[in-house]
Amino acid sequence: MLSGRILPRSFYARPTVEVARDLIGKLLVHGPTSGIIVETEAYLGGGDDLAAHTARGLTQRTRVIFGPPGHAYVYLIYGMYECLNLVAEPDGQPGCVLIRAIEPVSGLDIMRARRGAPTRPEQLANGPGKLTLALAITRRHNGVDVTRGPLVVRHASPERHFEIRVTPRIGITRSADLPLRFVVTRKAQHQSEPRP
DNA sequence: GGTAGGATGGGCT
DNA sequence: GCCCATCCTACCC
């Protein structure tokens with residue numbers, strides 16, 4: 001598949017929920033590996049979202065989330081895995097989107113080698129810790145600008161349209177009821193004709 | 001099909 | 001010292 005233009009910073013400089021929703025169907029690219037984003041979660045600033053890392057305010061770790069939009073926030077989780085977020089909202093306002101799953105598009109063999117365990121294609125990057133492993137995204141990418149390579153998000157070409165379901169977020173205990181997770185349920189381009 | 005438990009280290013109280 | 005925005009394996013239907 002061809003990749004379209006890089007998402008501009010204005011894409012990210014919007015309310016976090018809108019950015020989370022609109023990242024579905026976009027192409028996450030790092031070097032030779034890439035995949036279509038199929039699951040995201042919004043983590044809000046402003047204090048009402050107790051699951052957000054920014055809920056306790058500005059710290060050394062969370063400073064990137066308060067910075068300009070269109071940058072990567074990467075952190076270590078459970079001492080073993082790293083999670084990729086993309087910073088939303090205008091500069092100075094917190095808010096970010098966790099990328100929870102991608103559907104591999106290019107560099108499948110490289111992803112398989114990085115993941116180690118015998119892995120079926122659909123399981124290569126279907127989790128936040130798995131996709132960073134598959135795309136070789138680490139804390140060294142914390143703070144990098146994703147509107148300029150090598151780690152970027154692009155429009156898919158042709159543009160992809162999906163049916164999206166909104167649900168509570170996964171794996172949290174605080175603010176666990178907020179509908180801030182966006183996940184592809186069905187590929188629109190594969191939608192069948194009306195049944196007889 | 002399902003779930004329980006352990007690995008592992010940084011951030012914050 | 002406790003809490004994680006996780007994943008994999010073992011084990012049990």
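So you know, we letter chains A, B, ... as the sequences are listed, proteins then strands, and number each from 1. Every heavy atom of this structure was used, including side-chain atoms; hydrogens, water molecules and symmetry mates were not.
- The A:Lys130 side chain lies nearest to C:dC7 when the options are C:dC7, C:dT6, B:dG10.
- In terms of position on DNA chain B, the residue among A:Arg139 and A:Tyr81 whose nearest nucleotide sits closer to the 5' end is A:Tyr81.
- Note on A:Arg100: a side-chain N or O is less than 4.0 Å away from OP1 or OP2 of C:dT6.
- With DNA chain C read from its 5' end, the first of the two nearest nucleotides for A:Tyr75 and A:Thr119 is the one closest to A:Tyr75.
- Residue contacts for A:Gly79: at a heavy-atom cut-off of 4.0 Å it reaches a base atom on one of the strands shown.
- The distance between atom CE of A:Met80 and atom C1' of C:dC8, rounded to the nearest whole Å, is 9 Å.
- Remark: P of C:dA5 and CD1 of A:Ile77 are 5 Å apart, rounded to the nearest angstrom.
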Residues A:Tyr43, A:Thr16; criterion side-chain contact (heavy atoms from CB on, under 4.5 Å); working and verdict: CA-CA 7 Å; A:Tyr43 286 89; A:Thr16 307; 6.0 Å; no

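- The line from OG1 of A:Thr40 to CG of A:Leu180 is 9.5 Å long, rounded to the nearest 0.5 Å.
- The side chain of A:Pro128 has C:dC7 as its nearest neighbour among B:dT8, C:dA5, C:dC7.
- Note that CD1 of A:Ile172 and CG of A:Asp177 are 8.5 Å apart. Values are rounded to the nearest 0.5 Å.
- Distance, A:Glu39 CD to C:dA5 P: 16 Å, rounded to whole Å.
- We find that the ring of A:Tyr43 and the base of C:dA5 stack, their centres lying under 5.5 angstrom apart and their planes tilted less than 30°.
- Atom CZ in A:Arg56 sits roughly 15 Å away from atom P in B:dG11 (whole-Å rounding).
- Taking atom CD1 on A:Ile172 and atom C1' on C:dC3, their separation rounds to 14 Å, with Å as the unit.
- Of the side-chain N and O atoms in A:Arg115, one or more sit less than 4.0 angstrom from OP1 or OP2 of C:dC8.
- What separates OH of A:Tyr78 from P of B:dG9 is a distance of 16 Å, to the nearest Å.
- For the OP1/OP2 pair of B:dC12 and a distance below 4.0 Å, the side-chain nitrogens and oxygens of A:Thr59 include at least one atom meeting the criterion.
- Counting non-hydrogen atoms under 4.0 angstrom, A:Arg169 reaches nothing in the nucleic acid.
- Between the P atom of B:dG11 and the CD atom of A:Glu82 lies a distance of 12 Å, rounded to the nearest Å.
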Test log, rule side-chain contact (heavy atoms from CB on, under 4.5 Å), inputs A:Thr138 and A:Val74: CA-CA 7 Å; A:Thr138 72; A:Val74 185; 5.8 Å; no

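- Within the nucleic acid shown, A:Arg181 has no heavy atom closer than 4.0 Å to any nucleic acid atom.
- Residue-level contact check: A:Leu98 touches the bases, meaning some heavy atom is under 4.0 Å from a base atom.
- Nucleotide C:dG1 has B:dC12 as its partner under the Watson-Crick or G-U criteria, with both atom distances under 3.5 Å.
- If you check C:dT6, B:dG10, C:dC4 against the side chain of A:Cys83, the one that comes closest is C:dT6.
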Working for side-chain contact (heavy atoms from CB on, under 4.5 Å), residues A:His71 and A:His141: CA-CA 9 Å; A:His71 289 250; A:His141 295 95; over 6 Å; no

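- An OP1 or OP2 oxygen of C:dA5 is reached within less than 4.0 angstrom by a side-chain nitrogen or oxygen of A:His53.
- A:Thr132 contributes a side-chain N or O that, together with a main-chain N or O of A:Glu82, makes up a donor-acceptor pair within less than 3.5 Å.
- At whole-Å resolution of the value, CZ in A:Arg63 and P in B:dG10 are 17 Å apart.
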